[in-house]
Amino acid sequence: AHLTSHQKETMATKRSKTKAGKPKQPLSKKKKVPIKKKQEESDDESSDESTNEKQLRNEKMNDSDSSESSKDECESEEDEEEKGSFFTDENAEWLKPSKKSAATGKKSQLMASSDEDDDAGDEFPQDEDDEEKEDLLEVEKQSQLLDAEMEAEHHEAEEEMRRTIAQNTAIFHLPTAEELAQDEDRVVPPSELHARIEAILEVLADFKTRREPHRARSEYIDQLASDIAELHGYLPELVEYFLSMFGPSETVEFVDASDRPRPLVIRTNTLKTRRKDLAAALMKRGVTLDPLAPWSKVGLKITESPVPVGATPEYLSGMYMLQSAASMCPVMALSPQPNERVLDMSAAPGGKTSYLCQLMRNTGVIIANDLKADRQKATIANMHRLGVRNAITCTHDGRKLGKKFHNSFDRVLLDAPCSGLGVISRDPSVKVQRTMADVNKCGHLQKELLLAAIDALNFRSKTGGVMVYSTCSVSVAENEEVINYALSKRDIKLVDTGLDFGKPGFTRYQQKRFHPSVALTRRFYPHVHNMDGFYVAKIQKLSDKLPEDTVGEETEAPDKEKTASVVKKVEKISTQEIKSKTKGKKKAPEEEQKAEKRGRKRSRISIPPNAKTRGHGYKGPKKAKQVEKKRQSAKS
C-alpha cells in the first residue's frame, strides 16, 4: 500500500531477472546496501530540514525497505525450491548440497521448532497455575503446604523404618584380637569409636539374637570398656568400676554427662537480702537467671551473664555465695535449728558452714573445723564477707574430735574428703589421677571420720542427736560400705533425709549385702538430676553402747562353730583323763558302780552351745548362762 510507482517498476524488473536464471546477490547485501544508500541520500537531502521530519522519513523508508526485503526473500526461497539449489553466488554451477546436509538441516530445524513450541506451550500452563494459586484462599494454601509436609514426613518415616529394620536385624562384628593389634599403630577417630560403642549397646540390649556365634558377653563388655576409656580419656579400671555399678547403657550416659559442664548456681544470703531483691539487682546488670528448683528457696540458676558473677558489687557485699546445687542438699537434710551447737568437721572453703549459719539466723555456735590451715583462710574470708557471727574456725584432726568433744554437739555435718568421682566436670584430672587404690584409701579414712563424728554427737540432745554424712563421689566403697560399717560399730540408725528427689542407696553390690535401711540414703547423678554426683545419709545416734560383735548372720555363724568345736575338745579331754586314771587298776565291783554313777552325773550336766571357754577347762553352767545373756543383750 505504501509502495510508489517507481518502486513497483524496480520490483518487476528484479522478478524478470530472477526468472531468467541470472545469479542473485546474497540476501545480506540486499538488506544492507540499499538501506545505507538511502539513508545517506536522505541525510544529504534533509540536511536543512528539522529533526522531526527526518525521523518520519526514516521510519517510512525502513518500513518500505523491510517490506521489499521480505518479498524478495519469499520470492528467492520459492525460486530456490523450484530449482532445488541452496547457493546464490557464482559457484552454484559446480557446488551441489549433499543429501545428508539437507536432511540434517531439516531435522535441526524441526528439533529447534519443536523445542520452541514446547517452551512456548509451557509458558501458558505456568501462567495458568499461578493464576489458580492467586485465586486460592489462604486457608487452601496452608492446607496444601500441610499436605506436602505430611507426604515428606511419611517418606522419611518409611526410610527410617527400613533403616532401623536393617540395623536391628544385622549382626555386629566384634573386632578380634588380631584386628585390635593392627589398630594399635593407627589413631582410631572418635566417630568410629562412638559408632562402635552404640553398636555394642544395641547388641547387649538384644544379646540372644544380635550376638556373633561363639562370642561371650564378657568380650563385648571388655571391648565397650576399652572404647569408653579411649574415647573419654578415663583409666580402664575406673570404667570397669562404673560398669559394675550402673550397667552398660547407664555408664555411657554417666560418662557423657560428666564431660558436660553443670549450670552455674548461686545461693542467696538471707542474712543480708531476699532472693527476689537479689534477682532484680542482677537482672538490671543484664544477667539472665531462673529459680533453681521447687525444693530450694534460696537458689538461683544463671544461664547467661555479661559480667563475671564472682566480681559483682552484690557478690563483694555478701548478698550471695557461689555454690553448687548438690552441695546444698546435705545442709538441707541436717536442717539445724536456732541456738544449737553444730560441728562441721571439714568446713573449708565455707559454703556449707555459711548456709548452716544462715539457717540458724546467726544464733547458737558452729565449730568450723578443717585439717589444713591454708584452706581455712578462704573460710574466714567468706564468713566475714557474708556477715556470719556465730562461727568458730579451728584446725584439728577430725579423727581425734570424737575424744576431744565427746557427746558435745546437737548436730554434726561430715562432708568427708573423697575421690571426687562425682565432680569430674569440674576437675577432669580425676579421670587419670584416681585409681581404685585411692578410692579404697579414701574409704578407710571416711570410716574413721564417721566413727569420730558419731562419738562427738550427743544422743541426749532434745532437739538434735542427728548427723549427716555426705561425699561428692558415686563409688560404693566410699558411701554404702562406710555407712554399713558404722551400723556394725555404733548404736545408730538411719533416718529419712527429707529430700524428695534423688535415687535410693544400694542395698547390694556384687556379692556384698548391706543393711536394708541403707535404702533411706540418697544418691544424685549428673545424667539423671543434672547435678554433681553426690551421696547423702542421715544418721541418728541411739546410745553410747559399743556392740561387742558385728551385726548379721554371716558373722554369728563362725562364732557358733567355734563354740561347738571347743565343747567337743573339752569332752574328749575329760574322757581321756578318766581312762588314764583307771588304766592298770583292778576295780572292785563296788568301785565300778561308783565310777558309773559319777559318769552318769557328768553326762547329765548340759554344756550350752554358745558357751565361751578359756584354755581347756570348762567354767560351768552359770558362767555359760551369763555369757549367753550378754550376747542376747548385744544383739538387741
Side-chain angles (χ1 to χ4, degrees), residues 167 170-260 418-425 427-443 473-481 503 506 508-512 523 525-528 533 535:
Q167 290 176 356
I171 295 173
F172 171 71
H173 172 65
L174 187 69
T176 59
E178 297 176 355
E179 294 174 354
L180 293 173
Q182 293 176 0
D183 290 341
E184 288 180 356
D185 298 334
R186 72 182 185 92
V187 178
V188 183
S191 59
E192 185 177 343
L193 290 172
H194 189 69
R196 190 158 62 189
I197 288 169
E198 290 182 351
I200 292 173
L201 290 176
E202 291 176 358
V203 172
L204 293 174
D206 190 9
F207 187 70
K208 188 175 181 180
T209 57
R210 299 291 303 279
R211 74 182 184 95
E212 284 185 311
H214 309 295
R215 301 302 290 268
R217 187 182 182 89
S218 59
E219 296 180 9
Y220 286 90
I221 291 176
D222 293 341
Q223 185 62 42
L224 179 65
S226 64
D227 290 341
I228 292 172
E230 187 174 357
L231 181 62
H232 296 278
Y234 280 84
L235 290 175
E237 56 181 341
L238 286 179
V239 177
E240 292 175 0
Y241 188 66
F242 293 149
L243 285 169
S244 65
M245 287 174 55
F246 300 122
S249 59
E250 193 172 0
T251 299
V252 174
E253 292 177 2
F254 172 77
V255 171
D256 289 338
S258 297
D259 288 342
R260 293 193 298 269
C418 61
S419 60
L421 294 179
V423 290
I424 297 173
S425 60
D427 187 10
S429 64
V430 175
K431 298 178 182 180
V432 183
Q433 293 180 355
R434 291 289 183 273
T435 61
M436 291 308 300
D438 297 331
V439 172
N440 294 327
K441 286 180 183 178
C442 290
S473 176
V474 296
S475 65
V476 179
E478 298 177 271
N479 298 325
E480 283 85 357
E481 288 186 15
K503 287 193 172 184
F506 296 156
R508 57 176 63 190
Y509 171 68
Q510 292 181 346
Q511 74 275 9
K512 298 178 182 179
R523 280 176 162 267
Y525 298 119
H527 64 285
V528 178
Y535 180 79

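Worth knowing before you read on, the calculation uses all heavy atoms, side chains too, and leaves out hydrogens, waters and symmetry mates.
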Could you tell me which non-hydrogen atom of [X] sits nearest to which non-hydrogen atom of [Y], and how far apart they are?
| X | Y | answer |
| --- | --- | --- |
| V432 | G233 | CG2-O, 3.8 Å |
| I200 | L174 | CD1-CD1, 4.4 Å |
| A477 | N440 | CB-OD1, 4.2 Å |
| S419 | V430 | O-CG1, 3.9 Å |
| A225 | L243 | CB-CD1, 3.6 Å |
| Y535 | S473 | CB-O, 4.1 Å |

As an exercise, state the distance from [atom1] of [X] to [atom2] of [Y], rounded to the nearest 0.5 Å.
| X | Y | atom1 | atom2 | value |
| --- | --- | --- | --- | --- |
| L193 | I228 | CG | CD1 | 10.5 Å |
| E192 | I197 | CD | CD1 | 11.0 Å |
| E219 | T176 | CD | OG1 | 10.5 Å |
| Y234 | L421 | OH | CG | 8.5 Å |
| R260 | H527 | CZ | NE2 | 10.5 Å |

[X] side chain to [Y] backbone, donor-acceptor under 3.5 Å:
| X | Y | result |
| --- | --- | --- |
| D227 | L224 | no |
| K431 | H232 | yes |
| E478 | C418 | no |
| R434 | V439 | no |

Review point. With distance as the sole criterion, is a donor-acceptor pair present between the side chains of S244 and Y509 under 3.5 Å?
Key: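 The answer is yes; a qualifying pair exists.
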
Is any side-chain heavy atom of [X] closer than 4.5 Å to a side-chain heavy atom of [Y]?
| X | Y | answer |
| --- | --- | --- |
| S258 | F242 | no |
| F506 | N479 | no |
| R211 | R217 | no |
| E202 | D206 | no |

Practice item. Could you check whether the rings of F246 and F254 sit parallel, tilted or perpendicular, using 30° and 60° as the cut-offs? Key: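 If you compare the ring of F246 with that of F254, the planes turn out tilted.
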
**Study point:** Whether over 12 other heavy atoms sit under 6.0 Å from E178 CD
**Key:**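 No, because the 6.0 Å sphere around CD of E178 holds 12 heavy atoms or fewer from other groups.
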
Review point. Does the pair E179 and R196 meet the rule for a salt bridge (charged side-chain N to carboxylate O under 4.0 Å, His left out), with working shown?
Key: CA-CA 14 Å; E179 294 174 354; R196 190 158 62 189; over 6 Å; no

Exercise for review: Could I get the full list of side-chain hydrogen bond (donor to acceptor under 3.5 Å, both in side chains) partners for E212, not counting sequence neighbours?
Suggested key: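 Applying side-chain hydrogen bond (donor to acceptor under 3.5 Å, both in side chains) to E212 gives H173, R215.
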
